[in-house]
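Side chains included, hydrogens not; waters and symmetry mates left out as well; all remaining heavy atoms used.
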Amino acid sequence: MQRTALVPYARLPREHHDRHVSASTVDVFGAAHWLLTERAPEPVGDVQPFDALVVSVDPYGDVELTELSAVRARWPRLDRLPDGGFVVAAARARRYEDADQVQVFDAFGGETTTFSIGDAVEHMLVDETGHVWAGHFDENPAGIRPRPPAGRRQGKQNLRPGRTVHRMDVFDLNG
């Protein structure tokens, strides 16, 4: 995996400054992404599904927009899959909310699958092969634990055959 620093192209285009930035990241290929919503989430109460816009700017300055429907993450983590889709994860897995706090969207913004990666997600990234890595803050004493692609030991549909979800206790995964 290569390290990619933020460069001048990694600025949210001015026409989107009126929206709330819920999450942002630079993916493994050097593109910057912002998950934008109409307003900030409410600090308490149940999260109602909301529509979001992902604004992506590649290293050449080209802008791409992807609309996501029915996003359920209160404090989201975002990253892009190699096939152009997105992974959105809620930082906290709450018992009274949807247990599958990770949503996978295809390149057109449609949800393809959901799964759980555990509570207290501090960092999340997708590597160049499509593996999802999640860093948990102080609540994963077992250390690095590879997870099956669906995040569970059985049942659910896979992200794509061969993808794995990795969990670890970290303080800076993307640093």
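When side chains are defined from C-beta on, L35 counts as touching L68, because their heavy atoms get closer than 4.5 Å. Considering only heavy atoms from C-beta on, P82 comes within 4.5 Å of F29 through its side chain.
Here CG of D83 is found 8.5 Å from OG1 of T112. Values are rounded to the nearest 0.5 Å. Taking CG of D51 as the start and CD of E67 as the end, the distance is 7.5 Å to the nearest 0.5 Å. In this structure, F50 CZ and T37 OG1 are separated by 6.0 Å, a value rounded to the nearest 0.5 Å. Taking OG of S24 as the reference point, atom CZ of R77 lies at 10.5 Å (rounded to 0.5 Å). Distance check, rounded to the nearest 0.5 Å: CG of D27 to CG of D127 gives 11.5 Å.
In terms of heavy-atom proximity, A70 sits nearest to P49 at CA-CB, 3.8 Å. Of all the heavy atoms in P13 and H17, the pair that sits closest is O-CD2, 3.4 Å. In terms of heavy-atom proximity, V71 sits nearest to A52 at CG2-CB, 4.2 Å. For the pair R80 and G85, the tightest heavy-atom approach, listed with the atom from each and the gap, is CG-O, 3.2 Å. Contact record, D100 with R72: O-NH2, 3.8 Å, taken as the closest heavy-atom pair. Between V121 and I117, the shortest heavy-atom distance links the atoms CG2-CD1, 3.8 Å.
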Exercise for the section: List the steps, then state whether side-chain contact (heavy atoms from CB on, under 4.5 Å) holds for W34 with L78. Expected result: CA-CA 8 Å; W34 293 268; L78 170 74; over 6 Å; no
Practice task
Tell me, with the steps shown, if L36 and L12 meet side-chain contact (heavy atoms from CB on, under 4.5 Å).
Solution key: CA-CA 10 Å; L36 304 178; L12 180 63; 4.1 Å; yes
Exercise for the section: Any chance you could lay out the side-chain contact (heavy atoms from CB on, under 4.5 Å) test for R19 and E38, step after step, and finish with the verdict? Expected result: CA-CA 5 Å; R19 296 192 179 200; E38 292 297 323; 3.6 Å; yes
Handout entry: Verdict with reasoning, V63 to V55, per side-chain contact (heavy atoms from CB on, under 4.5 Å)
Key = CA-CA 7 Å; V63 177; V55 177; 4.1 Å; yes
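At a threshold of 4.5 Å between side-chain heavy atoms, the hydrophobic network of Ile, Leu, Val, Met, Phe, Trp and Tyr places F108 and F86 in two separate groups.
Of the possible donor and acceptor atoms, none in the side chain of T25 sits under 3.5 Å from a partner among the backbone N and O of H33. Between the side chain of H16 and the backbone N or O of V54, no donor-acceptor pair lies under 3.5 Å. Judged by distance alone, the side chain of Q103 and the main-chain N or O of E111 form no donor-acceptor pair under 3.5 Å.
With 3.5 Å as the limit, one finds a donor-acceptor pair spanning the side chains of Q101 and S116.
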